[in-house]
**Student:** 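Before we start, here is the structure in question, set down as structure tokens.
What you see below is based on every heavy atom in this structure, not just the backbone, and it leaves out hydrogens, waters and symmetry mates. Here is how names work: the chains are called A, B, and so on, in the same order as the sequence lines, proteins then strands, and each is numbered from 1.
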Amino acid sequence: MAEKTESKAPGAEIDAEGARDLYRRMRLIRTFEDTVQQQFQKGNVHGTTHLYSGQEASGVGVCSMLREGDKVAGTYRGHGHSIALGVDPQKLMDEMFGRATGACGGRAGSMNVVDLEQGLIGCFGIVGGSIGAATGAALAAKLRGTGNVAVAFFGDGTSNQAYFHESLNWAQVERLPVVFVCENNLYMEFTPIENVTAGAIGSRPMAMGIHTRQVDGNDVFAVREAAGEAIEHARSGAGPAFLETMTYRFVGHSRSDPGKYRKPGELDEWKKRDPLILGRKALEERYGIEPERLDEIDADVAKELQEIVERGLAAPFPDPADGGKEFKA
Amino acid sequence: MAEKTESKAPGAEIDAEGARDLYRRMRLIRTFEDTVQQQFQKGNVHGTTHLYSGQEASGVGVCSMLREGDKVAGTYRGHGHSIALGVDPQKLMDEMFGRATGACGGRAGSMNVVDLEQGLIGCFGIVGGSIGAATGAALAAKLRGTGNVAVAFFGDGTSNQAYFHESLNWAQVERLPVVFVCENNLYMEFTPIENVTAGAIGSRPMAMGIHTRQVDGNDVFAVREAAGEAIEHARSGAGPAFLETMTYRFVGHSRSDPGKYRKPGELDEWKKRDPLILGRKALEERYGIEPERLDEIDADVAKELQEIVERGLAAPFPDPADGGKEFKA
Amino acid sequence: MSDATETLEYRVAIREAIAAEMERDETVVFFGEDVAVAGGVFAVTPGLYERFGERVIDTPISELAMSAGAFGAAVTGLRPIFEIMFADFLLLAMDSLVNQAAKYWYVSNEQGSCPLVVRAAMGAGGNFGAMHSQSPIPWLQGVPGLKVVAPATAGDAKALLRAAIRDDNPVAFLEHKRLYSVKDPVGAGDPEVLPLGKAAVVREGTDVTLVSISKGVRDCLRAADELAERGVGAEVVDVRSLRPLDTETILASVAKTNRMVVVEEGPLIGGWGANLLGIIAAEGLHDLDDAWTIACPETPIPYSPTLEDPFMPDEGKIVHAVASRLGVAAEIATGA
Amino acid sequence: MSDATETLEYRVAIREAIAAEMERDETVVFFGEDVAVAGGVFAVTPGLYERFGERVIDTPISELAMSAGAFGAAVTGLRPIFEIMFADFLLLAMDSLVNQAAKYWYVSNEQGSCPLVVRAAMGAGGNFGAMHSQSPIPWLQGVPGLKVVAPATAGDAKALLRAAIRDDNPVAFLEHKRLYSVKDPVGAGDPEVLPLGKAAVVREGTDVTLVSISKGVRDCLRAADELAERGVGAEVVDVRSLRPLDTETILASVAKTNRMVVVEEGPLIGGWGANLLGIIAAEGLHDLDDAWTIACPETPIPYSPTLEDPFMPDEGKIVHAVASRLGVAAEIATGA
Ligand SMILES: Cc1ncc(C[n+]2csc(CCOP(=O)(O)OP(=O)(O)O)c2C)c(N)n1
Ligand SMILES: Cc1ncc(C[n+]2csc(CCOP(=O)(O)OP(=O)(O)O)c2C)c(N)n1
Ligand SMILES: [Mg+2]
Ligand SMILES: [Mg+2]
């Protein structure tokens, strides 16, 4: 978790070096997802995938404020959460490819990645699972007195589900150090969130007295600042915090998506607020970083992904004798 | 459901006759519960029971505002809900006694009574079950266009559970004609509700935009009025309503209850606000009914219960050959 | 059996069954996540919303409320069908299914029935990983009052689903993901409904009885073809429904073949395969010369194709197991 | 086996096991509804809160959050024990147990284990009705990665629970409500832990093997006494754990007795009894002269004593079934 050391600073202020890292990580996620998509079409990635494209600022902003020992629970849309936290993209891609060198040796696949070394307790294919798991991790942090927090990522649609309600209540009752990050991308799969959700999502944690904030989820600096505050609140022992990051998914919900549900022009509007565009702008304007330097990052990441794919496709598949062996533990 | 005809009036105003009926029904529940308790100790009632003593005004007030065709889902603490709705106390007692003449032929027992003729779709031994079931009944009412409503009774502790959250949201999204009646008796079993609940219960439905009200659950007239409004709201097509009836349980949670959790003096304070005492007072003051007339009701009910017990204990047990037969449907 | 003139896709069979019953009975309603406007993530239900309007409903992600809502609606006059997208998510809906719906008819002393159908897509083989590939049968089969049906062909899917919708008590209707795109011959003379709880001998043979359900039946049929080439006459029984369970058909088959192999996509321990074998053994022990179950390893379902493929029982494994246990020539082709 | 000098109550055995493990390992925590201040509705855990403070927690009525919380805590350094008051409520907690906890070790490629124990009170016979009397074994047994343990005696309860808490992956620990008040002899020489997945021959015999778990074992032992009077030597095997499943001990017993009767408090269809019989038959078919399952009727569990009593398998039914199937004198006392 080397990349997270800069966030040990109490605030969210960041130097040019750190800002560039944020941008690089967002670009890494975007290029990773584009690559997964291509490789899926080529038949090298199996089953299904849910891409994070468009939502990068949310995961990167939040994870950049975490400390060693903090825990993260991501979702089936979890490549972004994983990379934001520092999971090796090679291991992640190898997992998509179903290789023995994958983060979970090819057993997990896109939706269920675990990387305990990075604090990623899991990506949760079952909607809501991340919320319950992070609440439990926060219980452990509290009872063990580690001073750590746990973060649950989940989507807007997940706010209508059992885990959400029960876990938020319990976390607040026990004043657990957990941050609930609701990535509101306006849709639950193909359904506009307002069609299936009564009231504003944020009013639910507020009704429980949970510290709640909404933030522009496409602005990585805004997310950082809000996440920093939320994490600080949780870490201080004041109980859980709830952060709603308003964002938008640029690609289909999963590999098969009719896409007919988007309102006319909506995608284009949001693309103007692409977290990478906003990120570039901020880096240029606030840190005086020249566009060429950012292009270099982009090229660099593109090259990295190319190499990742090459290595990944050359990696061995797991041995069926391992995967099928008696479940001993 | 003869007793409910008076409530066809749009409002909650009631004449002396009707008021006397309300009182009688509350007394019937109280005496029924006292009798169940005695019979439990004698070994004639089996398993476990959860008595409604102290909460009578809530069930009686709400059910007195219902119409033919409306549906009710009660809880394991459901004798009160059942009698309030018009279930024959003989059938109910026979069910407790495990007799073939019971409401469910002795198959259900105290916690799971069903009486479809009275609109009682069930008493739900699983906490929260009543909420989900009533929501479904409201869906049926809406899609079938019956103009009916469904009522879910449940306790304060149930507001922390999955069914509560998911069903409230869905009901509001679909604008279902359902009234959620949360009987807040301050405890979830032996635990003070505030120890396990974040924020005020009523703020949860409010966060979903559900029409919400809190009412003195020991004043049957107040409950009637508030329930009338809630039911009207639901019936009009405006969506669900939420009614929190503030009340108190005078007896143990169930047959085995340490009872140590009550705050000192709390029970005595609440006993001063016994729904039967408040009821008598209102009948005397508002309707000029003489105390003697009310004593007659009490005596009458006592006699009724005595006869119920006699008949119940003389009733046949179900034939094992019936109960154990192959489940065909 | 059918004077087949056309072919029907499995997913279309399901859609047609729902449509036909909604047409026939206006109390039939259908809801689930993204089933209405979008037509379902497996493209099973497009067009129903356009045709039946408010009787086809997109729900929130609330599996428990759906299940309970179906229960409440079913006991008050509707016949709800609801979809749990992946059968793995049934675990979130089980309390209402098991504690309410399955028990209603009995506990209410037969005052009220509970006519609901829960549809779910089950099964592995698509590299969806451990939480999107399970067969829920082991969780559901031991629940008196809940019927469990899983069709192997498009024709059966249609007729069994129509029967399930008409049934007066809850039915779990399980559709194998690997079958959605198969096409089967159907004919105008096919029955509108098939009885729930009736197994079918789908191929006759004298040497061994292969018993399975859903996709497994198709694997057995292919295995039987290959075994025939090796001189083994395999009878194949499609149990179709695991509750009610038609033991008679299986006992009759076993009385003839004296050997029984159950093929289950799921674990051996706690699975329906060994359970069935135990039920048959208790009644037909002396008819049996040999009997066993071909099931999955006792682990969660792996993602990688090189792990998932060998995890699944398939034609090759069936042929190999039967041939070797029966002492037939050992050089068995797998896969083919 | 034990040089018994005292007796131990089953509920106290459980309490002592929790206390001993909490003492031994400070990462062990315990939570559930009304388990702390009130000491549990079955009076199993009084005193633990006073002794271990914040490590013993009263929770809201949130079975799913509890289960998920235990999972999250277990994969980050704690060893949570949580109580689901009535096993019937496990249905609300199953998603996390089955989809997360049971799969973690395998799916994470053995990066992380998930040491949690879920305790629950199961079983009928107390007139609690259909939703407070079930055995959850059929729902749980077909889940690779989730151990299922159900002790028959106080001594076993203590040693198996201690083993379950020390186990590195999830264990469902099922306590029969009818056993909480039984007292069994224990001795200072008893083992601190018993291995999970090891059956025990608790009575030797040569004519028939009676196999059961939990309360059923005690019914079998009493039945064996009575059968002995009728000249039938019944061996009794306590399977103790239904996953892992110790088939070896049962196969060895059956090889000796040639007859096997499984006694299950639960349905036949989808139950563990016939499943076990099927597994044994597949391996030991030719050792078996007779084999069957004594289970409950295929209905929900009725409330009335006159319905519930005959619903349950008991000593009388076992004696009657064995004696009549073995052709022993027919005038069998029931109940006794
Ligand atoms: C319990 C459960 N129900 C349904 C699904 C299928 N599913 C996967 S993603 C998804 C939509 C989730 O929407 P949201 O929470 O807004 O997250 P997003 O996908 O938009 O990031 C659904 C319904 C699931 N995985 N788990
Ligand atoms: C799902 C579930 N969990 C736990 C229980 C056990 N239980 C029965 S009543 C009860 C307390 C309910 O409290 P509340 O909702 O306040 O209702 P009250 O009993 O006070 O009327 C509990 C925990 C149950 N029946 N169902
Ligand atoms: Mg979304
Ligand atoms: Mg209460």
Side-chain angles (χ1 to χ4, degrees), chain A residues 126-129 131-132 135 138-139 154-178 180 182 187-189 191-212 214 233-234 238-242 244, chain B residues 126-129 131-132 135 138-139 154-178 180 182 187-189 191-212 214 233-234 238-242 244:
Chain A
I126 305 288
V127 155
I131 302 178
T135 301
L139 179 69
F154 55 96
D156 44 285
T158 305
S159 66
N160 296 321
Q161 202 251 15
Y163 279 113
F164 175 92
H165 179 71
E166 292 193 355
S167 301
L168 260 64
N169 178 62
W170 198 27
Q172 173 69 345
V173 163
E174 294 292 334
R175 297 289 186 273
L176 300 182
V178 53
F180 300 110
C182 179
Y187 293 91
M188 165 216 143
E189 287 188 350
T191 298
I193 188 62
E194 64 273 17
N195 292 10
V196 285
T197 312
I201 294 170
S203 60
R204 297 172 180 194
M206 278 192 245
M208 295 181 178
I210 293 175
H211 177 85
T212 301
Q214 198 183 55
H233 176 90
F242 191 97
E244 186 180 11
Chain B
I126 305 289
V127 154
I131 302 178
T135 302
L139 179 70
F154 55 96
D156 44 286
T158 306
S159 65
N160 296 320
Q161 202 249 15
Y163 279 112
F164 175 92
H165 179 71
E166 292 193 355
S167 301
L168 260 65
N169 177 63
W170 198 27
Q172 173 70 345
V173 163
E174 293 293 334
R175 296 290 186 273
L176 301 182
V178 53
F180 300 109
C182 178
Y187 293 91
M188 166 216 142
E189 287 187 352
T191 299
I193 187 63
E194 64 273 16
N195 291 9
V196 286
T197 312
I201 294 171
S203 60
R204 297 173 180 194
M206 277 192 246
M208 295 180 179
I210 293 175
H211 177 85
T212 301
Q214 199 183 53
H233 177 91
F242 192 97
E244 186 180 10

**Student:** Measuring heavy-atom distances to chain B, does A/Ala200 have an atom under 4.5 Å in its side chain, in its backbone, in both, or in neither?
**Tutor:**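 Backbone of A/Ala200 only, per the 4.5 Å heavy-atom cut-off to chain B.
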**Student:** Any donor-acceptor pair under 3.5 Å linking the side chain of A/Asn169 with the backbone of B/Val196?
**Tutor:**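 Yes, A/Asn169 side chain to B/Val196 backbone: donor-acceptor pair under 3.5 Å.
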**Student:** Pair A/Asn160, A/Phe164 - check side chain to side chain contact (heavy atoms under 4.5 Å, CB included), show working.
**Tutor:** CA-CA 7 Å; A/Asn160 296 321; A/Phe164 175 92; over 6 Å; no
**Student:** Does the side chain to side chain contact (heavy atoms under 4.5 Å, CB included) test come out yes or no for B/Ile131 and B/Leu168, once each step is laid out?
**Tutor:** CA-CA 8 Å; B/Ile131 302 178; B/Leu168 260 65; 4.2 Å; yes
**Student:** So which of A/Arg204, A/Glu174, A/Met206, A/Gln161 has the largest heavy-atom pair count under 4.5 angstrom toward chain B?
**Tutor:**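 Among the listed options, the one with the most contacts to chain B is A/Arg204.
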**Student:** Between B/Gly239, B/Ala198, B/Ser203, B/Gly209, which shows the greatest number of heavy-atom pairs under 4.5 Å with chain A?
**Tutor:**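 Ranked by contacts with chain A, first place is B/Ala198.
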**Student:** I need the B/Ile201 CD1 to B/Phe154 CZ distance, nearest 0.5 Å.
**Tutor:**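 So the gap between those two atoms works out to 8.0 Å.
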**Student:** Hey, can you tell me if A/His211 and A/His233 have their rings parallel, tilted or perpendicular (30° and 60° cut-offs)?
**Tutor:**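 If you compare the ring of A/His211 with that of A/His233, the planes turn out parallel.
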**Student:** Can you tell me which of B/Ala171, B/Gly199, B/Ala207 forms the most heavy-atom pairs within a distance under 4.5 Å of chain A?
**Tutor:**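 It is B/Ala207.
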**Student:** Is chain B contacted by the side chain of A/Tyr163, its backbone, both, or neither, given a heavy-atom distance below 4.5 Å?
**Tutor:**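 It is neither, since no heavy atom gets under 4.5 Å.
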